[in-house]
Amino acid sequence: MAWQRPTYRTVGGERVDGVWCHVWRRHQLSDEYYVDDLFVYADGAIRCEELTDLDGLRRRLAKGLIALRDPKAPTLPEQPSKWLARYSEPRTPETFLLEVADLIEELSARPTAAQRCHEAIRHYRQEPTELSRAALRKAYLAIPAHLRVYILGDMERQDRPLRILLTDVGEPVDGDGPVVTEEMHRDVLAFFDEYDHGVTERPRPVYADDSVDAVPPPVVLHDVIYPRGWPEELDFFVLRNNYPAEIHFAGGTHPSVHEAYWALAESHRGDDWPDVRLAVMAGLLRAKFTQHPDLAGILLATGDATISYTGHKESPYWREAGSRGGRNWIGRLLELVRSELSWPTGE
């Protein structure tokens, strides 16, 4: 259950950035669950079919209207020892709500729980007092429990150095781990001084023609079925080839890129279709986004992100295919058209 970005909504003509992930939503007419998208926005709005807020999400989770994992999936086994466990704690409705609240902070350019914890670590290293350690404990515990193992960016030690440091001398870590000594506390400080895991940001290499902005995560265009029809509020689903956007191309009019492509494929004479299909698809996508400025705005909203086109209906030539490969030509052509839209005059 990973958060994807970028996405956004428009409020009063202003763009409000957001993120989204998959959840399981209970059908209104049955007890069956199906996968749906949950969107979280910088203004605190949350959408899963309808707009709500953090309190509304809390009520939906409590009533079982939204689940964080497939309710039919086997129950996750409990870890026999917290100290020896190599996995993060399970995501619960309570910790998920904390995660969503933290995402709203991040989207609003306010400090996140992880950033506040890093700042508390830096302060403790400068002033290793009991007061600083208490502030660090508070900052650490404010991180959603299922995300704490990632706070130091060290998947070997995970968050164990912090758990040792925040345990009083003479007490066992996590209740079932080693008994903490003064030397163990000193070792944690030495660990921070030597490795600085996750505490100080390291600049990434910058190449001659790189953007000065951070590299955004990829935009994944999933093949989603909408039983009640396409949503009224435009989002990245409009970038799919089967989205109904009428286009005029090569003397004909077609209800979508998908139907235009196959109509042209069936009417093509000769055996060179595999050689020309890429140029045809490029032309169709250019037609779609130049003839529909509102859809072009959605494409431009992907910024400089890689676009990954997924699904099962198209050939792997056109889409991503996971471990089986896939050339993702539709995603790559969308990036090309996006670049052309960004520089329409070619000057």
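What you see below is based on every heavy atom in this structure, not just the backbone, and it leaves out hydrogens, waters and symmetry mates.
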K.L.:
If you apply the rule ring-ring contact (aromatic ring centres under 6.0 Å, His included), what do you find for Tyr226 with Phe237, and how did you get there?
P.N.:
CA-CA 10 Å; Tyr226 296 94; Phe237 57 79; 5.6 Å; yes
K.L.:
At their closest point, which heavy atom of Asn242 faces which heavy atom of Trp230, and how far apart are they?
P.N.:
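So the two residues come closest at O-CZ2, 3.8 Å.
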K.L.:
Which residues end up grouped with Phe39 if you chain together Ile, Leu, Val, Met, Phe, Trp and Tyr wherever their side-chain heavy atoms are less than 4.5 Å apart?
P.N.:
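Phe39 shares its hydrophobic cluster with Val11, Val16, Trp20, Tyr41.
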K.L.:
Are the side chain of Arg116 and the backbone N or O of Ala139 linked by a donor-acceptor pair below 3.5 Å?
P.N.:
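No; judged by distance alone, with no hydrogens or angles, the pair does not exist.
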K.L.:
Whether Arg133 and Glu130 form a salt bridge (side-chain N of Lys/Arg under 4.0 Å from carboxylate O of Asp/Glu) is what I want to check.
P.N.:
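Result for this pair is yes, salt bridge flagged.
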K.L.:
Please report the closest heavy-atom contact between Cys117 and Ile151, naming both atoms and the distance.
P.N.:
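Between these two residues, the closest heavy atoms are SG-CG1, 4.2 Å.
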K.L.:
May I ask you to check whether Trp318 and Tyr309 place their ring centers less than 6.0 Å from one another?
P.N.:
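Not close enough - the centres of the two rings lie 6.0 Å or further apart.
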K.L.:
Regarding Arg60 and Glu50, does a basic nitrogen lie under 4.0 Å from an acidic carboxylate oxygen?
P.N.:
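So Arg60 pairs with Glu50 through a salt bridge.
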K.L.:
Does a side-chain N-to-carboxylate-O contact under 4.0 Å join Asp193 and Arg125?
P.N.:
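Looking at Arg125 together with Asp193, the answer is yes, because their closest N to O distance falls below 4.0 Å.
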K.L.:
Using a distance-only test with no angle check, is there a side-chain donor-acceptor pair under 3.5 angstrom linking Asp37 and His22?
P.N.:
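The criterion, which ignores hydrogens and geometry beyond distance, is satisfied for His22 and Asp37.
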K.L.:
Are any side-chain N or O atoms of Arg338 and backbone N or O atoms of Ala305, one a donor and one an acceptor, separated by less than 3.5 Å?
P.N.:
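Answer holds: yes.
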K.L.:
If hydrophobic clusters are built from ILVMFWY residues whose side chains come within less than 4.5 Å, do Leu141 and Leu98 share one?
P.N.:
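No, separate clusters.
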K.L.:
Should Arg332 and Glu335 count as an ion pair when the cut-off is N to O under 4.0 Å?
P.N.:
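Answer for the salt bridge query: no.
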K.L.:
According to the salt bridge (Lys or Arg N to Asp or Glu O under 4.0 Å) rule, which pairs have a member within residues 290-300, sequence neighbours left out?
P.N.:
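Qualifying pairs: none.
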K.L.:
Among residues at least two apart in sequence or on other chains, which ones pass salt bridge (Lys or Arg N to Asp or Glu O under 4.0 Å) with Arg15?
P.N.:
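Applying salt bridge (Lys or Arg N to Asp or Glu O under 4.0 Å) to Arg15 gives Asp17.
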